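Some notes on the structure that comes next.
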Amino acid sequence: MRRRWLAALAPLLILAAGPGAAQAPGGPPPTVVVAKPVVKEVVEHDDFTGRFNAVEFVEVRARVTGYLEKIHFQDGALVKKGDLLFTIDRRPYKAALDQAQASLASAQARLNFTTTDLERAQTLSRSGNISEQVTDQRRQASLTAQADVDNATAALRQAQLNYDFTEVRSPITGRISQRNVTEGNIVITDQTMLTTIVSLDPIYFSFPVDERSFLSYQGTLRIGMGATQKEHTVPILIALTGEDKPTRKGRLDFVDNRVDDATGTVLLRATVENPDTFIKPGLFGVISMPASRPYKGVLIPDEAVGANQDKRIVYVVGDDNTISTRNVRLGPKIDGYRVVRDGLKGDETIVINGLTRVRPGAKVTPDRKDLPPTRS
């Protein structure tokens, strides 16, 4: 009875072991898919999380005190530098300007009279028909009149500035926020914040880098070495929240001058073009930054890598179709493949499919394939 049970169970055990696992003695070697690694120039990248911020940011405040008379923009609109945003009641400042102009005209008239009077006194003094004391008095009067003109001119410039400040114009080009004050309210000089404006194109992306990575970048990318950053701009790619791949391009243009004591990181900044103004200040993103110089890399599929305890191995097919193993040291994933830092030269033929059917020293029947330069 026991023999019959074992005889019935044997076919099931063979099927469960899978194809090729129970190779019949004298049968053909198992068929496996083999290929040569992809060898091409690659650049390794590191990813960091950061945040976008505006290149220019302005808090628009009143520069004179008065009642807000008119608002000239729609909340959230794009404005250009010099666009009129607010008008403060101009009548008091127009009156002060007219008064300053009248004061200057009066002072100028006095100056003209005292100048003519001084010239007459100097002519009479040369003929001895007037004393030196009278001449000096008229000279003093002329100098005083000149000082009054200078004072009136300064007062007129100040009155003109105050009058001009009643029209609040945009100091930059960008997107304006909502109005913080409505028409009819009083605004106070340098205190009342009327609105804010941020520039959108280009836009900054700031991100912290750990100390170990930063030291590596100093050696490989020559960033933060004292030369102007324009001489060592590094191209970067940024993926917005929810994007699987980077869609925005930029260039690294700033490295902070110190390591943050609290976090042990260095702040880096990239400038990103934003012509469609899709990116807003404050959004998060993931930056992909070059971590190495271009080099010739050996790339293999992840499924070609096996394990031997704590080591990673690759099965190599010899000229006689005999299997041998190579210990490999792996790197990051690039273009859908795994970088092999050490263990392969790139001219070997390796097993990329069917690893369960091979063992060192055994022969196989290779099914040769060509790996594309990039895997989707």
Side-chain angles (χ1 to χ4, degrees), residues 37-53 55 201-260 263-275 278-279 283-302 305 312 328-346 371-376:
V38 175
V39 180
K40 65 178 182 177
E41 187 176 86
V42 296
V43 177
E44 297 180 16
H45 287 78
D46 289 337
D47 294 338
F48 298 96
T49 300
R51 172 175 281 183
F52 292 96
N53 48 79
V55 174
D201 184 30
I203 194 168
Y204 285 148
F205 184 83
S206 301
F207 57 102
V209 172
D210 61 274
E211 184 176 335
R212 182 184 297 274
S213 297
F214 177 71
L215 292 175
S216 174
Y217 298 153
Q218 282 200 134
T220 58
L221 304 178
R222 307 294 297 172
I223 65 172
M225 296 297 289
T228 59
Q229 250 348 102
K230 291 183 178 180
E231 297 175 0
H232 298 286
T233 56
V234 177
I236 54 88
L237 297 171
I238 299 176
L240 302 178
T241 301
E243 293 181 342
D244 296 330
K245 294 181 179 181
T247 59
R248 300 284 173 163
K249 296 180 180 180
R251 300 194 75 85
L252 184 72
D253 64 356
F254 170 76
V255 178
D256 207 353
N257 59 0
R258 61 185 295 271
V259 178
D260 188 275
T263 62
T265 59
V266 180
L267 182 68
L268 275 64
R269 188 190 71 196
T271 299
V272 182
E273 299 299 323
N274 188 29
F278 182 81
I279 305 174
L283 290 177
F284 284 94
V286 177
I287 188 170
S288 181
M289 179 173 170
S292 71
R293 294 176 180 174
Y295 68 94
K296 184 169 290 187
V298 178
L299 310 177
I300 63 174
D302 276 335
V305 181
R312 294 293 179 265
V328 293
R329 186 167 63 91
L330 303 178
K333 205 167 185 178
I334 298 178
D335 292 338
Y337 295 107
R338 183 68 58 181
V339 175
V340 178
R341 296 192 185 279
D342 190 23
L344 292 178
K345 296 180 179 180
L371 294 176
T374 301
R375 299 179 81 188
S376 57

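A quick note: this is a predicted structure, and the numbers were derived from the prediction, not measured. The first residue in the sequence is number 1, and the count goes up from there.
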Exercise. Can you name the nearest heavy-atom pair linking Leu371 to Pro301, along with the distance?
Worked result: CD1-CD, 3.9 Å
For this session: Go through the structure and list residues passing salt bridge (charged side-chain N to carboxylate O under 4.0 Å, His left out) with Arg258, not counting sequence neighbours.
Result: Asp261
Exercise. Can you list the steps and then say if Ile236 with Arg251 is a side chain to side chain contact (heavy atoms under 4.5 Å, CB included)?
Worked result: CA-CA 6 Å; Ile236 54 88; Arg251 300 194 75 85; 5.8 Å; no
Exercise. Is Phe214 close to Thr265 at the side-chain level, that is, under 4.5 Å between some pair of heavy atoms?
Worked result: no
Exercise. Do Tyr337 and Pro372 come within less than 4.5 Å of each other through their side chains, counting heavy atoms only?
Worked result: yes
Exercise. Is the shortest heavy-atom distance from the side chain of Asp46 to the side chain of Tyr217 under 4.5 Å?
Worked result: yes
Exercise. Is there a side chain to side chain contact (heavy atoms under 4.5 Å, CB included) between Val286 and Thr49 once you walk through the steps?
Worked result: CA-CA 4 Å; Val286 177; Thr49 300; 4.2 Å; yes
Problem set entry | Test side chain to side chain contact (heavy atoms under 4.5 Å, CB included) applied to Tyr295 and Val339, step by step | CA-CA 11 Å; Tyr295 68 94; Val339 175; 3.5 Å; yes
Exercise. Between Asn53 and Ile203, what is the shortest heavy-atom contact and its length?
Worked result: O-CG1, 3.3 Å
Exercise. Pick from Phe284, Tyr204, Phe205: which one makes a ring-ring contact (aromatic ring centres under 6.0 Å, His included) with Phe52?
Worked result: Phe205
For this session: For Leu252 and Met289, work out which heavy atoms get closest and say how close.
Result: CD2-CE, 3.9 Å
Problem set entry | Where Pro246 and Leu237 come nearest, the two heavy atoms and their spacing | CB-CB, 3.5 Å
Exercise. Does the side chain of Asp47 come within less than 4.5 Å of Ser288's, by heavy atoms?
Worked result: yes
Exercise. Tell me the salt bridge (Lys or Arg N to Asp or Glu O under 4.0 Å) pairs involving residues 330-346, sequence neighbours left out?
Worked result: Lys40-Asp335, Glu44-Arg341, Asp302-Lys333, Asp302-Arg338
For this session: Output, in order, the C-alpha distance, side-chain angles, deciding distance and verdict of side chain to side chain contact (heavy atoms under 4.5 Å, CB included) for Phe254 and Thr271.
Result: CA-CA 9 Å; Phe254 170 76; Thr271 299; over 6 Å; no
Problem set entry | Close side-chain approach of Gln218 and Val255, heavy atoms under 4.5 Å | no
For this session: Can you measure from CD1 (Ile238) to CD1 (Ile279) and round to the nearest 0.5 angstrom?
Result: 6.5 Å
Exercise. With a 4.5 Å limit on heavy-atom distance, are the side chains of Thr241 and Leu283 in contact?
Worked result: no
For this session: Give a yes or no on whether the backbone of Asn274 and the side-chain of Asp201 come within a donor-acceptor separation of less than 3.5 Å.
Result: yes
Seminar exercise, completed: Note: Lys249 and Val272 closest approach over all heavy atoms is O-CG1, 3.4 Å
Seminar exercise, completed: Looking only at heavy atoms, the pair that brings His45 and Pro290 closest together is CD2-N, 3.6 Å
Exercise. Is Glu243 atom CD crowded by more than 12 heavy atoms from other residues, nucleotides or ligands, each under 6.0 Å away?
Worked result: yes
Seminar exercise, completed: Rounded to the nearest 0.5 Å, the CG atom of Leu240 sits from the OG1 atom of Thr247 at a distance of 5.0 Å
